[in-house]
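Computed from a predicted model, the values in this text were never measured in an experiment.
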Amino acid sequence: MTEQTKSRQPVRVFLVDDHSMFRAGVRAELDTITDDIEVIGEAGTVGEAVAGIGHLKPDVVLLDVHMPDGGGAEVLRQSRKATPDVVFLALSVSDAAEDVIAVIRAGARGYVTKTISSQELAKAVVRVADGDAVFSPRLAGFVLDAFADRPGAAPISDPELDLLTPRERDVLRLLARGYAYKEIAAELFISVKTVETHVSSVLRKTQLSNRYELSRWASDRRLV
């Protein structure tokens with residue numbers, strides 16, 4: 001067999017996300033659309049992820065940013081010393097600047113949002129495995145700003161925004177985009193009642209009165 005006709009070994013991928021239905025969907029999509037990727041394992045918590053990554057030593061980890069027990073940055077912190085050759089690609093519902101910057105600072109090679117198509121996700125996985133850095137289009141600017149020593153660079157923290165939990169930011173972002181409570185619940189795999197609780201908490205913390213004021217507040221902070 002010549003060099004030209006040799007096929008590359010599949011990129012071995014490990015999925016980290018606290019929603020089992022989402023993991024199952026990503027696994028099914030990647031298995032269906034390409035032979036260039038092999039999903040070899042998955043985890044729903046930080047502890048499971050660190051153990052699985054250390055044992056299986058995948059080529060690429062698809063990493064959720066927000067999980068109840070610490071999130072993607074914590075997985076990176078605990079895994080990188082033991083598995084320095086593993087590449088991490090963040091895959092998150094969040095496209096907030098502070099989330100992007102935090103996970104890149106922790107060592108991720110790229111960051112894409114869950115709105116990405118299956119085909120584009122597969123391409124992103126192969127690209128980071130080959131050494132490229134990959135970002136959803138508007139997210140690259142956040143990284144450039146954060147690491148640029150120049151006037152006008154985007155701030156990496158916001159005292160008012162820091163009052164909100166990661167899940168409250170996710171709910172606020174979707175609310176500001178015009179999603180109904182039921183749609184937010186479906187997108188984040190939580191109940192409508194939980195969405196209502198998060199919205200009430202955000203209104204209280206921001207001292208705003210309604211979703212229209214919240215939308216403007218979120219837009220001012222580049223959350224939308």
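Among all heavy-atom pairs drawn from Gly54 and Thr83, the shortest one is CA-CG2, 4.0 Å. Of all heavy-atom pairs between Ser94 and Tyr111, the closest is O-OH, 2.9 Å. Across every non-hydrogen atom of Ala90 and Val65, the tightest pair is CB-CG2, 4.1 Å. Across all non-hydrogen atoms, the minimal contact from Ser209 to Leu203 is C-CD2, 3.9 Å. In terms of heavy atoms, Leu89 sits closest to Gly110 at CD1-C, 3.4 Å. Shortest non-hydrogen contact noted between Leu163 and Glu168 is O-OE1, 4.3 Å.
Linking ILVMFWY residues whenever their side-chain heavy atoms come closer than 4.5 Å, directly or via other members, places Leu91 and Val13 in the same cluster. Criterion: ILVMFWY side-chain heavy atoms under 4.5 Å apart, direct or through other members. Under it, Leu15 and Leu63 are not part of a common hydrophobic cluster. Hydrophobic clustering, with ILVMFWY side chains joined whenever heavy atoms are under 4.5 angstrom apart, groups Leu164 together with Val93. Val61 and Ile104 fall within a single hydrophobic cluster, where Ile, Leu, Val, Met, Phe, Trp and Tyr are joined by side-chain heavy atoms under 4.5 Å apart, directly or via other members. Taken together through direct or relayed side-chain contacts under 4.5 Å among Ile, Leu, Val, Met, Phe, Trp and Tyr, Met67 and Val86 form part of one hydrophobic cluster.
Taking a cutoff of 4.0 Å between a charged side-chain nitrogen and a carboxylate oxygen, Asp170 and Arg173 qualify as a salt bridge.
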Step by step, would you call Val195 with Val199 a side chain to side chain contact (heavy atoms under 4.5 Å, CB included)? CA-CA 6 Å; Val195 173; Val199 172; 4.3 Å; yes

Full working for side chain to side chain contact (heavy atoms under 4.5 Å, CB included) between Leu62 and Leu121: CA-CA 10 Å; Leu62 276 178; Leu121 178 59; 4.0 Å; yes

Evaluate side chain to side chain contact (heavy atoms under 4.5 Å, CB included) for Arg216 paired with Leu208, printing each intermediate quantity in order. CA-CA 10 Å; Arg216 289 196 298 272; Leu208 299 174; over 6 Å; no

Trace of the side chain to side chain contact (heavy atoms under 4.5 Å, CB included) decision for Val60 with Arg109: CA-CA 10 Å; Val60 174; Arg109 187 64 181 170; over 6 Å; no

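A donor-acceptor pair under 3.5 Å is absent between the side-chain atoms of Ser201 and the main chain of Thr197, judged by distance alone. A side-chain donor-acceptor contact under 3.5 Å links Ser200 to the backbone of Glu196. Of the possible polar contacts, none joining the Glu120 side chain to the Ser117 backbone as a donor-acceptor pair under 3.5 Å is found. Not one N or O on the side chain of Asp132 forms a donor-acceptor pair closer than 3.5 Å with the backbone of Val134. Asp59 contributes a side-chain N or O that, together with a main-chain N or O of Arg12, makes up a donor-acceptor pair within less than 3.5 Å.
Here the straight-line distance linking atom CG of Leu172 with atom CG of Leu214 works out to 5.5 Å at 0.5 Å rounding. In this structure, CG on Asp31 lies 11.5 Å from OG on Ser118, to the nearest 0.5 angstrom. Note: Leu188 CG to Glu183 CD = 11.5 Å, rounded to the nearest 0.5 Å. Note that CD1 of Ile33 is 9.5 Å distant from NZ of Lys123, once rounded to the nearest 0.5 Å. Taken from CD1 in Ile190 to CZ in Arg167, the straight-line distance is 5.5 Å, to the nearest 0.5 Å.
Other residues, nucleotides and ligands contribute more than 12 heavy atoms inside 6.0 Å of the NZ atom of Lys205. Atom CG of Asn210 has more than 12 heavy atoms from other residues, nucleotides or ligands within 6.0 Å.
Checking Thr113 against Thr115 by side-chain atom types alone, a donor-acceptor pair falls below 3.5 Å.
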Which pairs would a plain distance check flag for residues 72-79, meaning a side-chain donor or acceptor within less than 3.5 Å of a matching protein atom at least two apart in sequence or in another chain?
residue, atom, partner, partner atom, Å
Glu74, OE1, Arg77, NE, 3.1
Glu74, OE2, Arg77, NE, 3.3
Glu74, OE2, Arg77, NH2, 2.6
Glu74, OE2, Gln78, NE2, 2.7
Ser79, OG, Val75, O, 2.9

Scan the side chains in residues 37-47 for donor-acceptor partners under 3.5 Å anywhere in the protein, sequence neighbours excluded, and list what turns up.
residue, atom, partner, partner atom, Å
Glu42, OE1, Arg27, NE, 3.1
Glu42, OE1, Arg27, NH2, 3.2
Glu42, OE2, Arg23, NE, 2.9
Glu42, OE2, Arg23, NH2, 3.4
Thr45, OG1, Glu48, N, 3.1

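Looking at Ile53 and Phe88, their side chains come closer than 4.5 Å, going by heavy atoms from C-beta outward. Using a 4.5 Å cut-off on side-chain heavy atoms (C-beta onward), Ser92 and Asp64 make contact.
Among residue pairs with one or both ends in residues 177-208, those qualifying as ring pair (Phe, Tyr, Trp, His ring centres under 6.0 Å) are His19-Phe189; sequence neighbours excluded.
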